[in-house]
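Numbers for residues simply follow the sequence, beginning at 1. Just the heavy atoms: all of them, side chains too, but no hydrogens, waters or symmetry mates, feed the values below.
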Amino acid sequence: MSAIEVSEEILATDDLSAYYGERKAVGNVSIGFARKAVTALIGPSGCGKTTLLRCLNRIHEVAFDARVQGRVTLEGSDIYSAGIDPMSIRRKIGMVFQRPNPFPTLSILDNTLASAASGMNRREKVERAEKALRSAALWDEVKDKLRSSPLRLSGGQQQRLCIARAVAAQPEVLLMDEPTASLDPIATAVIEELMSSLTEEFTIVAVTHNMQQAARVSDRTAFMLADEHGVGRLIEVDDTAKLFTKPSDRRTEDYITGRFG
């Protein structure tokens with residue numbers, strides 16, 4: 001049994017499969033994500049990591065002819081149940097993508113609040129934005145240029161702005177799809193430190209191809225691998241320290257020691 005008990009899981013999948021048309025991309029994945037912890041998803045390219053991540057807040061279904069089978073539960077409730085508004089789910093389960101994607105026609109302030117609930121007065125908006133930007137370790141760098149274009153920021157700053165935008169919606173879970181893949185080492189280190197601090201408030205699920213990064217920032221790690229039919233399968237999930245030192249499956253050991261992938 002992992003050191004993180006099942007009762008501490010906030011988000012979980014039950015026999016989840018994801019499809020693009022008739023092609024099965026992810027097969028029969030059951031996994032729980034611990035509350036206020038970082039879970040890293042690792043594995044070779046094409047093993048279904050990003051597809052699984054996109055299923056966790058119903059972004060997968062936006063793709064043409066995409067669908068899921070099985071269940072994804074947030075606090076025990078199935079997010080795919082009939083009558084559930086996908087947008088309400090995406091506010092509870094925010095997402096940060098691989099490449100920074102600030103809205104170019106909006107100011108830094110308006111970008112920060114783009115995903116937040118409406119109905120706030122100006123003071124409330126500024127307070128919400130400041131809190132989110134502080135959470136993303138960006139406030140001190142942008143507080144004097146909130147009305148400026150986000151395109152004037154560096155790549156690392158833009159990615160932190162996207163994190164602030166997700167945080168401003170006050171979600172319960174943050175999904176991160178290789179959030180440092182397009183960043184230089186200095187910006188990467190800032191984001192990694194930020195991920196650790198964000199777990200004081202949020203549960204984080206992060207896809208990464210960088211195993212050293214997974215070892216540095218995550219509490220738990222899940223290893224995925226495509227089978228002979230190209231279907232992504234969950235091979236094992238465990239506390240990060242244990243998975244990287246004493247994995248229970250030979251395929252995991254082969255991957256983390258560089259024998260393939």
When you measure from the side chain of Asp239 to the backbone of Lys242, do you find a donor-acceptor pair of N or O atoms at a distance under 3.5 Å? no

CZ/Arg67: more than 12 non-hydrogen atoms of other groups inside 6.0 Å: yes

Any chance you could measure Asp15, atom CG, to Asn28, atom CG, to the nearest 0.5 Å? 4.5 Å

Residue pair Lys49 / Pro44: nearest heavy atoms and the distance that separates them: NZ-O, 3.2 Å

Begin with the C-alpha distance, continue with both residues' side-chain angles, and end with the deciding distance and a verdict on side chain to side chain contact (heavy atoms under 4.5 Å, CB included) for Gln170 and Lys92. CA-CA 7 Å; Gln170 299 180 328; Lys92 294 178 181 178; over 6 Å; no

Would you say Ser17 and Gln69 are linked by a side-chain donor-acceptor pair, where the criterion is simply a distance under 3.5 Å? no

Phe33 and Ile204, any side-chain heavy atoms less than 4.5 Å apart: no

Tell me, do Thr73 and Asp14 make a side-chain contact under 4.5 Å, heavy atoms counted? no

Do you know which two heavy atoms are closest between Phe223 and Leu234, and how far apart they sit? O-CD1, 3.6 Å

Side chains of Met195 and Met176 in contact at under 4.5 Å (non-hydrogen atoms): yes

Are any side-chain N or O atoms of Ser154 and backbone N or O atoms of Gln157, one a donor and one an acceptor, separated by less than 3.5 Å? yes

Is it the case that atom CD in Glu124 sees more than 12 heavy atoms from other parts of the structure closer than 6.0 Å? yes

OG1 (Thr188) and CD (Gln159) are apart, to the nearest 0.5 Å, by 9.5 Å

If we only count heavy atoms from C-beta on, is the Pro104 to Pro102 side-chain gap below 4.5 Å? no

Val96 vs Asp177, test: side chain to side chain contact (heavy atoms under 4.5 Å, CB included). Steps then yes/no. CA-CA 6 Å; Val96 177; Asp177 186 10; over 6 Å; no

So which heavy atom on Ile42 is nearest to which on Ala214, and how close? CG2-CB, 3.9 Å

Can you sort out the partners of Phe103 under ring pair (Phe, Tyr, Trp, His ring centres under 6.0 Å), two or more places apart, ordered by chain and number? none

Mind listing the closest non-hydrogen atom pair of Leu174 and Ala166 along with its distance? CD2-CB, 3.6 Å

Can you tell me if Ser248 and Glu236 form a side-chain donor-acceptor pair at under 3.5 Å? yes

Side-chain donor or acceptor of Asn111 paired with backbone N/O of Ser107 under 3.5 Å: yes

Side chain proximity check, Val142 to Leu133, heavy atoms < 4.5 angstrom: yes

Any carboxylate oxygen within less than 4.0 angstrom of a Lys/Arg side-chain nitrogen, looking at Arg123 and Glu127? yes

Any donor-acceptor pair under 3.5 Å linking the side-chain atoms of Thr13 with those of Ser30? no

How many angstroms lie between atom CD1 of Ile93 and atom CD1 of Ile59, to the nearest 0.5 angstrom? 10.0 Å

Cluster question for you: counting only ILVMFWY and a side-chain heavy-atom cut-off of under 4.5 Å, with indirect links fine, are Met211 and Ile235 together? yes

Donor-acceptor under 3.5 Å (His60 side chain, Tyr19 main chain): yes

Is Ile84 reachable from Leu11 through a run of hydrophobic residues whose side-chain heavy atoms are each under 4.5 Å from the next? yes

Leu56 and Val173: CA distance, side-chain angles, deciding distance, side chain to side chain contact (heavy atoms under 4.5 Å, CB included) verdict: CA-CA 10 Å; Leu56 298 179; Val173 179; over 6 Å; no

Going from CD1 on Ile89 to OH on Tyr80, what distance comes out if it is rounded to the nearest 0.5 angstrom? 9.5 Å

Pairing of Glu141 and Arg160 as salt bridge, 4.0 angstrom limit: yes

Is the shortest side-chain heavy-atom distance between Leu16 and Val26 below 4.5 Å? no

When you group the ILVMFWY residues by side-chain heavy-atom contacts below 4.5 Å and let the links chain together, are Val38 and Leu198 in the same group? yes

Does Arg90 offer a backbone N or O that forms a donor-acceptor pair with the side chain of Arg58 under 3.5 Å? no

Check whether the side chains of His209 and Ser45 place a donor and an acceptor atom closer than 3.5 Å, and report yes or no. yes

N-O pairing of Glu192 and Arg216 below 4.0 Å: yes

Using only atom types and a distance under 3.5 Å, with no angle test, would you say the side chain of Ser218 pairs donor to acceptor with the backbone of Ala215? no

Using a 4.5 Å cut-off on heavy atoms from C-beta on, say whether the side chain of Leu146 contacts that of Trp139. yes

Ile256 reachable from Val217 in the ILVMFWY side-chain graph, under 4.5 Å edges: no

Looking at every heavy atom in both Arg220 and Ala34, which two are closest together, and how far apart are they? CD-CB, 4.4 Å

Test Glu61 against Val68 for side chain to side chain contact (heavy atoms under 4.5 Å, CB included), laying out the working first. CA-CA 8 Å; Glu61 66 191 38; Val68 303; over 6 Å; no

I'd like to know if the side chain of Thr203 reaches the main chain of Lys36, judged simply by a donor and an acceptor atom lying under 3.5 Å from each other, with no hydrogens or angles considered. yes

Is there a side-chain contact between Ile10 and Glu75, using heavy atoms and a 4.5 Å cut-off? yes

Heavy-atom pair of closest approach, residues Val167 and Pro171: O-CD, 3.5 Å

Decide whether Leu153 and Ile163 are clustered together by the hydrophobic rule: side chain heavy atoms of Ile, Leu, Val, Met, Phe, Trp, Tyr closer than 4.5 Å, transitively. no

Is there a donor-acceptor contact under 3.5 Å linking the side chains of Arg91 and Asn57? no

Rounded to the nearest 0.5 Å, what separation is found between the CZ atom of Arg165 and the OG atom of Ser115? 5.5 Å

Output the distance between atom CG (Leu161) and atom CG (Leu138), rounded to the nearest 0.5 Å. 6.5 Å

Qualifying residue, where the test is side-chain hydrogen bond (donor to acceptor under 3.5 Å, both in side chains) with Thr221 and the options are Thr252, Asp238, Thr240, Thr39: Thr240

